[in-house]
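First listed ligand is number 1; within each ligand, the first listed atom is number 1.
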Amino acid sequence: MNDKADRLRRLKPKLPDVPAELRHRVPPGQTVTERFPILHEGTVPAYELNNWSLRLFGEVEKERSFSFQELLELPQVKIVCDIHCVTRWSKLDTEWEGVRLVDLLPLIGVKPEAKHVMIHADPNYETNVPLEDLMRDNVILAHRYNGEPLTDKHGWPLRLIVPHLYFWKSAKWVRGIELMLENRNGYWERNGFHHYADPFKEQRFSDDDYEMPIDEWLYVDYD
Ligand SMILES: Nc1nc2c(c(=O)[nH]1)N[C@H]1C(S)=C(S)[C@@H](COP(=O)(O)O)O[C@H]1N2
Ligand SMILES: [Mo]
């Protein structure tokens with residue numbers, strides 16, 4: 001059992017003020033940073049793009065794997081969004097480029113009974129998202145950030161971006177998308193964090209009775 005949820009919610013945060021003009025964009029209990037923290041479990045994976053693929057499976061008409069090149073041949077979109085990490089940092093106006101799930105998933109024929117998705121990622125990470133949340137216009141599998149290819153530490157070659165949920169749902173190093181009939185919980189969701197994770201409702205923990213220290217994210221790596 002990973003005790004991050006317990007550790008984080010024990011301390012009481014004192015948050016710096018969010019500038020008034022930004023307050024409507026910053027969820028409660030968050031603070032804004034210009035920097036880009038790097039957070040993940042385990043070590044950064046190294047890939048040979050030729051051996052890399054993204055597998056779509058589960059409740060689909062026909063399971064299929066996409067090479068990186070095949071993903072690049074699909075319609076590409078750019079989104080600008082705010083991201084909110086459960087450790088209390090938010091970063092505004094981040095720009096990502098990639099493929100919309102709403103463009104990708106129809107290619108494999110998702111069965112109508114499928115309502116839930118498990119995102120499978122390296123190293124040994126998974127996170128669950130309702131299918132309808134992935135169908136939003138600004139939910140993408142991103143391969144570029146701020147006009148450049150993703151860096152290794154931010155998820156190269158491919159990561160999910162789900163702007164409207166806490167950032168742990170935005171899995172880096174995504175390798176598989178599993179369509180499911182029933183919800184199953186992913187890694188953090190099994191370890192004390194909320195199964196849905198709406199930052200504007202402060203859905204941080206599975207029981208949400210505690211608060212997180214404001215300075216948790218200051219102690220991670222940056223670029
Ligand atoms: N594969 C993988 N993806 C992951 C994680 C992880 O541990 N493994 N951590 C999540 C968490 S908790 C956060 S806050 C974001 C951090 O992304 P960043 O390092 O690009 O800021 O990645 C998410 N995606
Ligand atoms: Mo996070």
Just jot down the ligand 1 atoms closer than 4.0 angstrom to any heavy atom of [X], in number order.
X	value
Pro37	18 (P), 19 (O), 21 (O)
Asp122	1 (N), 2 (C)
Trp89	21 (O)
Ala121	1 (N)

To the nearest 0.1 Å, how far is [atom] from its closest protein heavy atom, and which atom is that?
atom	result
atom 24 (N) of ligand 1	Ser170 O, 3.3 Å
atom 19 (O) of ligand 1	Lys172 NZ, 2.5 Å
atom 14 (S) of ligand 1	Cys85 SG, 3.3 Å
atom 5 (C) of ligand 1	Tyr125 CZ, 3.6 Å

Worksheet item: Under 4.0 Å from ligand 1, counting heavy atoms only, is it the side chain of Phe167, its backbone, both or neither?
Response: both
Discussion item. Test of understanding: given a 4.0 Å heavy-atom threshold, classify the contact between Tyr166 and ligand 1 as side chain, backbone, both, or neither.
Written reply: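 It is neither part, as no heavy atom is under 4.0 Å.
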Any heavy-atom pair between the side chains of [Y] and [X] that's under 4.5 Å?
X	Y	result
Leu74	Asp103	no
Trp89	Leu39	yes
Leu104	Arg100	no
Met118	Phe57	no

Discussion item. A quick test of your reading: do over 12 heavy atoms of other residues, nucleotides or ligands sit less than 6.0 Å from NZ of Lys78?
Written reply: no
Worksheet item: How about Glu132: does its CD atom have over 12 heavy atoms from other parts shown lying under 6.0 Å from it?
Response: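 Counting other residues, nucleotides and ligands, CD of Glu132 stays at 12 neighbours or fewer.
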Worksheet item: Transitively linked via ILVMFWY side-chain contacts under 4.5 Å: Tyr222 with Val32?
Response: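 No, because Tyr222 and Val32 fall into different hydrophobic clusters, even though each may have its own neighbours under 4.5 Å.
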Geometric N/O contact [X] with ligand 1, under 3.5 angstrom:
X	result
Trp168	no
Leu39	yes
His40	no

Worksheet, complete the sentence: side-chain hydrogen bond (donor to acceptor under 3.5 Å, both in side chains) pairs touching residues 148-161, sequence neighbours excluded, are Lys153-Asp221, His154-Asp223
Practice prompt. Nearest heavy atom to atom 22 (O) of ligand 1 wins, so pick from Arg175, Arg159, Glu41, Arg35.
Written response: Arg159
Worksheet entry | Donor + acceptor pair across side chains of Trp188, Glu41 (<3.5 Å) | no
